[in-house]
Amino acid sequence: MIPAVEAKGARIPLVGLGTWELRGRTCARIVEQALRLGYRHIDTAEMYDNEREVGEGLRGSGVHRNEVFVVTKVWPSHFAPTDLLRAAKDSLVRLRLSEVDLLLLHWPNPQIPLSDTLGALCKVKEAGQARHIGVANFTAALIDEATRLTTEPLVCNQIELHPFLDQSATVRATRDHGMAIVAYSPIARGKAKNDAVLARIGRAHGKSAAQVSLRYLVQQQFAVIPRTSKLERLSENFEIFDFELSADEMAEVAALASRGGGVLR
């Protein structure tokens with residue numbers, strides 16, 4: 001069984017497949033192959049325009065639906081309550097699923113009261129269309145506000161997180177509320193592959209710089225969802241549970257972080 005982070009009843013596998021920018025047959029093929037390799041966490045969003053293909057890959061893999069943690073997200077333009085309820089149903093139709101494991105608010109939307117949006121998100125969960133709910137790209141202050149307003153548990157905050165970006169304030173606020181962190185862009189859109197510190201540490205373990213970046217995060221119990229369109233990378237990104245970074249190595253990687261080093265998506 002893949003190691004997972006647990007939060008408020010949700011069990012989120014520590015390695016998942018991000019599908020941002022994956023389209024068409026490539027997307028379906030990558031999802032199918034990832035599941036056959038052992039991935040059990042697939043991340044999509046209505047904005048990615050690939051939910052149909054993610055569903056195809058899930059069905060084509062032969063892996064039982066109940067074994068896969070499927071995540072999708074509602075885009076901020078659909079945060080008005082009636083729009084959100086419709087968007088959630090539309091995502092399920094495209095995925096051809098009766099429920100998702102986790103439904104997230106993709107980005108904050110200050111134009112619509114958060115209490116209204118969260119009320120609708122909670123209704124989706126209560127209707128059995130999402131087993132769990134959460135947020136993405138929420139700041140520390142917004143996490144505090146959201147947890148105060150919600151009537152159902154928020155299980156995670158999905159944020160950009162990698163060795164070059166200091167997200168300590170957001171991480172602290174999220175964890176203070178008992179929520180998990182899911183890291184997107186965990187190898188910084190490929191930047192990790194070219195970093196000398198990560199490469200040196202990797203050589204000591206027979207691993208790549210990208211694997212060190214991922215290991216650094218999962219060793220802190222952050223779930224990671226690296227995206228790749230290359231089949232060979234799927235295996236590399238998944239093979240991070242057979243080594244451990246020392247305390248000194250963890251400190252070296254942590255020293256790479258700098259505020260504002262993001263690659264937003």
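This chain uses plain numbering: 1 for the first residue, then up along the sequence. Excluded from the calculations below are hydrogen atoms, water molecules and symmetry mates; all remaining heavy atoms, backbone and side chain alike, are included.
Residues Glu46 and Thr72 bring no donor and acceptor atom of their side chains to less than 3.5 Å of each other. Side-chain atoms of Asp248 and Ser246 include no donor-acceptor pair closer than 3.5 Å.
No side-chain heavy atom of Thr117 sits less than 4.5 Å from a side-chain heavy atom of Leu121. Residues Met179 and Val135 have side chains in contact (heavy-atom distance under 4.5 Å, counting atoms from C-beta outward). Put simply, the side chain of Phe79 does not reach to within 4.5 Å of the side chain of Leu118, judged on heavy atoms. At a threshold of 4.5 Å between non-hydrogen side-chain atoms, the residues Leu85 and Thr82 do not count as touching. Residues Trp107 and Phe138 are not in side-chain contact: their nearest non-hydrogen atoms beyond the backbone lie 4.5 Å or more apart. Between Arg65 and Leu97, some side-chain heavy-atom pair lies under the 4.5 Å cut-off. Residues Leu22 and Ser229 meet the side-chain proximity criterion, which asks for heavy atoms closer than 4.5 Å. Between Phe69 and Arg11 the shortest side-chain heavy-atom distance does not fall below 4.5 Å.
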> Can His177 and Asn157 be said to form a side chain to side chain donor-acceptor pair (under 3.5 Å), step by step?
Replying inline: CA-CA 11 Å; His177 289 288; Asn157 187 15; over 6 Å; no
> Hey, mind stepping through Asp176 and Arg172 against side-chain contact (heavy atoms from CB on, under 4.5 Å) and telling me if it holds?
Replying inline: CA-CA 6 Å; Asp176 281 351; Arg172 188 161 45 247; 3.9 Å; yes
>> Does Lys73 form a side-chain contact (heavy atoms from CB on, under 4.5 Å) with Leu105? I'd like the steps, not just the answer.
In response: CA-CA 6 Å; Lys73 313 177 198 73; Leu105 304 179; over 6 Å; no
>> Could you go through Arg175 and Gln221, starting from their C-alpha distance and side-chain angles, then the distance that decides it, and tell me whether this counts as side-chain contact (heavy atoms from CB on, under 4.5 Å)?
In response: CA-CA 11 Å; Arg175 286 183 154 173; Gln221 289 294 294; 3.7 Å; yes
> Between Ile181 and Leu161, does a side-chain contact (heavy atoms from CB on, under 4.5 Å) hold up when you go through it step by step?
Replying inline: CA-CA 9 Å; Ile181 293 283; Leu161 190 60; 3.9 Å; yes
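Put simply, the side chain of Ser61 gets close to the backbone of Leu58: a donor and an acceptor are under 3.5 Å apart. Under the 3.5 Å distance criterion, the side-chain polar atoms of His78 are left unmatched by any main-chain donor or acceptor of Ala87. Looking at Gln211, its side chain does come within 3.5 Å of a backbone N or O of Ser208 through a donor-acceptor pair. Looking only at distances, no side-chain donor or acceptor of Ser235 sits under 3.5 Å from a matching main-chain atom of Glu232. Between the side chain of Thr174 and the backbone N or O of Thr170 there is at least one donor-acceptor pair closer than 3.5 Å.
Nearest heavy-atom pair, Ala209 versus Ala192, reported as atom, atom and distance to 0.1 Å: CB-O, 3.3 Å. Taking every heavy atom of both residues into account, Ala257 and Asp166 meet most closely at CB-N, 4.0 Å. Residues Pro108 and Ala136 approach most closely at CD-O, 4.0 Å, considering heavy atoms. When all heavy atoms of Ser98 and Leu92 are compared, the pair lying nearest together is O-CD1, 3.7 Å. In terms of heavy atoms, Cys27 sits closest to Val54 at SG-CG2, 3.9 Å. In terms of heavy-atom proximity, Ser185 sits nearest to Glu160 at CB-CG, 4.1 Å.
In this structure Glu32 satisfies the side chain to side chain donor-acceptor pair (under 3.5 Å) test together with Arg36, sequence neighbours excluded. When the side chain to side chain contact (heavy atoms under 4.5 Å, CB included) test is applied to Thr228, the partners found at least two apart in sequence or on another chain are Lys230, Arg233, Leu234, Asn237. Every residue was checked against the salt bridge (Lys or Arg N to Asp or Glu O under 4.0 Å) condition with Arg59, not counting sequence neighbours, and none meets it. Partners of Ala80 under the side chain to side chain contact (heavy atoms under 4.5 Å, CB included) rule, at least two apart in sequence or in another chain, are Asp83, Ile112. In this structure, the side chain to side chain donor-acceptor pair (under 3.5 Å) partners of Asn50, at least two apart in sequence or on a different chain, are Thr19, Thr44. Annotation: side chain to side chain donor-acceptor pair (under 3.5 Å) contacts of Asp242 (sequence neighbours excluded): Lys207. Listed by chain and number, the residues in a side chain to side chain contact (heavy atoms under 4.5 Å, CB included) with Arg23 are Asp49 (sequence neighbours excluded). Applying the side chain to side chain contact (heavy atoms under 4.5 Å, CB included) test to Glu67 and every residue at least two apart in sequence or in another chain returns Arg40, Val63, His64. Remark: His132 pairs with no residue by the side chain to side chain donor-acceptor pair (under 3.5 Å) rule, at least two apart or across chains.
The existence of a salt bridge linking Arg29 and Glu53 is excluded, since no basic side-chain nitrogen approaches an acidic carboxylate oxygen closer than 4.0 Å.
One hydrophobic cluster holds both Leu231 and Leu35 under the rule that ILVMFWY side chains link at heavy-atom gaps under 4.5 Å.
Expressed to the nearest 0.5 Å, how far CG of Leu154 lies from CG of Leu102 amounts to 10.0 Å. Remark: Met250 CE to Ile201 CD1 distance equals 10.0 Å, nearest 0.5 Å. In this structure, CG in Leu114 is found 5.5 Å from CG in Leu149, a value given to the nearest 0.5 Å. Here CG of Asp195 is found 13.5 Å from NZ of Lys193. Values are rounded to the nearest 0.5 Å. Atom-to-atom distance recorded for Leu37:CG and Glu239:CD is 8.5 Å, nearest 0.5 angstrom. Note that the CD atom of Gln219 and the CG atom of Leu14 stand 11.0 Å from one another [nearest 0.5 Å].
Applying the salt bridge (charged side-chain N to carboxylate O under 4.0 Å, His left out) test to every pair with at least one member in residues 122-141, sequence neighbours left out, gives these pairs: Asp101-Arg131, Lys125-Glu152. Listed by first then second residue, pairs satisfying salt bridge (charged side-chain N to carboxylate O under 4.0 Å, His left out) with a partner in residues 208-229 read Glu21-Arg227, not counting sequence neighbours. Among pairs with a residue in residues 217-252, those fulfilling ring pair (Phe, Tyr, Trp, His ring centres under 6.0 Å) read Tyr39-Phe238, His205-Phe243, at least two apart in sequence or across chains.
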